[in-house]
Amino acid sequence: MAYQRPKGTADILPGESEKWQYVEATARNVFKSYHFSEVRTPMFENFDVFSRSVGDTSDIVTKEMYDFHDKGDRHIVLRPEGTAGVVRAYVENKLYGPEHPKPVKVYYMGPMFRYERPQSGRMREFHQIGVEVFGSEQAAVDVETIAMAMDFLKHCGLQDLKLVINSLGNIASRQAYRQALIDFLEPHFAELSHDSQERLHKNPLRVLDSKDEKDQAIVADAPSILDYLDEESTAHFTAVKQLLGDLDIPYEIDANMVRGLDYYNHTIFEIMSNSKAFGGQYMTVCGGGRYNGLASELGGPETPGFGFAMGVERLLLIMDADKVAMPIDHALDVYLVSIGDAAQRANLKLIQAIRQAGFTAERDYLDRKAKGQFKTANRLNAKVVLTLGDSEVESATAHLKNMATGAEISVPFAQITTDFKAVYETVLAAE
RNA sequence: GCGGUAGUGGCGAAGUGGUUAACGCACCGGAUUGUGGCUCCGGCACGCGUGGGUUCGAUUCCCACCUACCGCCCCA
């Protein structure tokens, strides 16, 4: 094989691309009903946009970014996630200005890049559908946005979803907890896994997330962040839980759940699926939360924010495993069969007229025999086949065959070019 | 970054240190000068992931690399 696609990338071919379109269209529809608008930001940003926002001790920044220096010696990175760029755009374009009604609600969909070892549901170039809401601290924003994510996944046919929430509290609460956690873990330092030792001082919350058994045993007795929430943080989290209850959205609280990105505070959540696609294990399809303070971190005014992102590859994996039926439209209205050069020429005008009339039409381009052309028409599921040979060209009349019934009728060219809709209906009615 | 498994035509899949690399599906052609299904006949890998090495000879043995899949790490 002369050329191969880069490791961890995929070609999304016809047959597969229709599924992507369906998922994307579903997202647009659902998001529209919540009054979100699309935003499109660059696929690469300055390095600082991510190191500032995602956190320079995060795994994403320390080892997973596709970064390089361009010909102007700018330090560029292919975006590893969507939020930072959207926040940058929000600030740079002053969407915080008074002429923009608050909250500003946007969604995006597109490729993200992380330098990782590919696995099922994890690619180096992968795709996310995400949303961001700027300008409101209200718990209703958290809850409605979570509800929208659930809504979307249900529209995609997903069953058995589990919503897990937690609160990281505001900056003060988080700082207090961070210290408490360090104080708790330090006596156990020698027993911790290597990774957790590394993280203890850089990002102790991540130790909570460790899958190492010994770490988990230690962490089991660690203080809970929920006990360190101050009054404001508690009030917010309580409101979130109440509103989820009002909407009858079931959820679990996992006080050990953290996020890989540093910018989160207050509510964080994940939506998980235990689909066969992941061997019955729970796998996260959607993750997000609140990120008050990120906009100011990127040079804008203090602005509360809330958002989520979901992995399209993972979503599609689940939909495949769960055999979700997608209404994919492959309909071909007309296939044109022509025998001989004169017929081919005549067909050109007819097929264009048919397409202009709003019908889907295909023909043969390989000079195949009539039989071969009919076989193709059949395989493409053409509803009607229009046949043309020398005699038809002479009489300026085409044969139209109803492929379902086998009935055939003759129609003058003039009628086909001027009113194909009527012709088509006549053929379909032919027994 | 670490560990494991694998890589033969468009797809699935057999196979061997040595003349022409099974078979199935798909596709193309013919039987049927211009009509879909079935059947029958015929065609379809100068090649066995890539590059080296061993050998008189390698798809088969050895090494490296690449890629995919699974797990770790982490995440969507």
Side-chain angles (χ1 to χ4, degrees), chain A residues 1-10 13 54 58-65 79-83 109-130 149 153 193-196 198-199 203 206 209-213 215 257-261 270-273 278-279 281 283-288 307-318 335-340 343 364 366-393 398-408:
Chain A
M1 215 134 358
Y3 296 103
Q4 296 181 313
R5 59 181 180 263
K7 186 186 182 90
T9 61
L13 303 173
V54 171
S58 68
D59 282 322
I60 286 181
V61 169
T62 55
K63 55 181 202 189
E64 292 174 1
M65 290 214 296
R79 62 184 187 191
E81 60 102 40
T83 301
M109 45 187 75
M112 306 292 164
F113 306 85
R114 289 183 202 171
Y115 192 88
E116 305 185 272
R117 196 66 181 269
Q119 268 173 57
S120 110
R122 175 189 305 169
M123 304 290 285
R124 288 187 171 179
E125 180 184 27
F126 63 107
H127 297 77
Q128 288 189 330
I129 295 176
L153 294 173
S193 67
H194 180 72
D195 282 337
S196 292
E198 289 269 307
R199 288 178 187 131
N203 195 343
R206 290 276 306 285
D209 208 26
S210 172
K211 280 168 196 131
D212 183 278
E213 278 186 30
D215 287 354
M257 181 172 76
V258 299
R259 309 259 67 215
L261 315 179
E270 290 186 7
I271 301 172
M272 310 175 89
S273 158
F278 310 118
Q281 301 278 13
M283 174 71 105
T284 304
V285 276
C286 176
F308 67 71
M310 41 190 123
V312 179
E313 282 82 358
R314 283 186 187 181
L315 177 55
L316 256 8
L317 227 44
I318 299 172
Y335 191 92
L336 287 83
V337 168
S338 54
I339 300 130
D364 173 77
L366 301 172
D367 289 325
R368 290 190 305 168
K369 300 279 163 56
K371 176 175 178 153
Q373 296 187 44
F374 264 88
K375 278 174 91 164
T376 299
N378 197 45
R379 205 169 71 217
L380 296 179
N381 246 314
K383 304 234 177 23
V384 168
V385 168
L386 182 154
T387 313
L388 222 55
D390 290 339
S391 60
E392 287 87 348
V393 173
H399 284 299
L400 281 96
K401 181 172 184 174
N402 177 331
M403 291 297 275
T405 66
E408 216 164 351

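Below, read A as the first sequence line, B as the second, and so on, with proteins coming before strands; counting in each chain starts at 1. These numbers were taken from a predicted model, which means no experiment stands behind them.
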Whichever of A:K369 and A:G389 has the more 5' nearest nucleotide on RNA chain B, that residue is A:K369
Taking atom types as they are modelled, would you say the side chain of A:K401 forms a donor-acceptor pair with the base of B:G36 within the 3.5 Å cutoff? yes
B:G34 base / A:S391 side chain donor-acceptor hit below 3.5 Å: yes
For the side chain of A:E392 and the base of B:G34, is some donor closer than 3.5 Å to an acceptor across the two? yes
Is there a donor and acceptor pair, one atom on the side chain of A:R117 and one on the base of B:C70, closer than 3.5 Å? no
On a plain distance test, is the side chain of A:Q119 in donor-acceptor contact with the base of B:A68 below 3.5 Å? no
Any side-chain N or O of A:K375 below 4.0 angstrom from OP1/OP2 of B:G36? no
Any A:R259 side-chain N or O less than 4.0 Å from OP1/OP2 of B:A76: yes
P gap between B:G30 and B:U35, integer Å: 11 Å
Heavy atoms under 4.0 Å, any strand shown: does A:M123 hit a base, just sugar-phosphate, or nothing? base
Hey, does the side chain of A:S120 come within less than 4.0 Å of B:C70's phosphate (OP1/OP2), counting only N and O? yes
Closest-nucleotide 5' rank along RNA chain B - winner of A:G372 and A:R114: A:G372
B:C74, B:U67, B:G34: which one has an atom nearest the side-chain heavy atoms of A:H399? B:G34
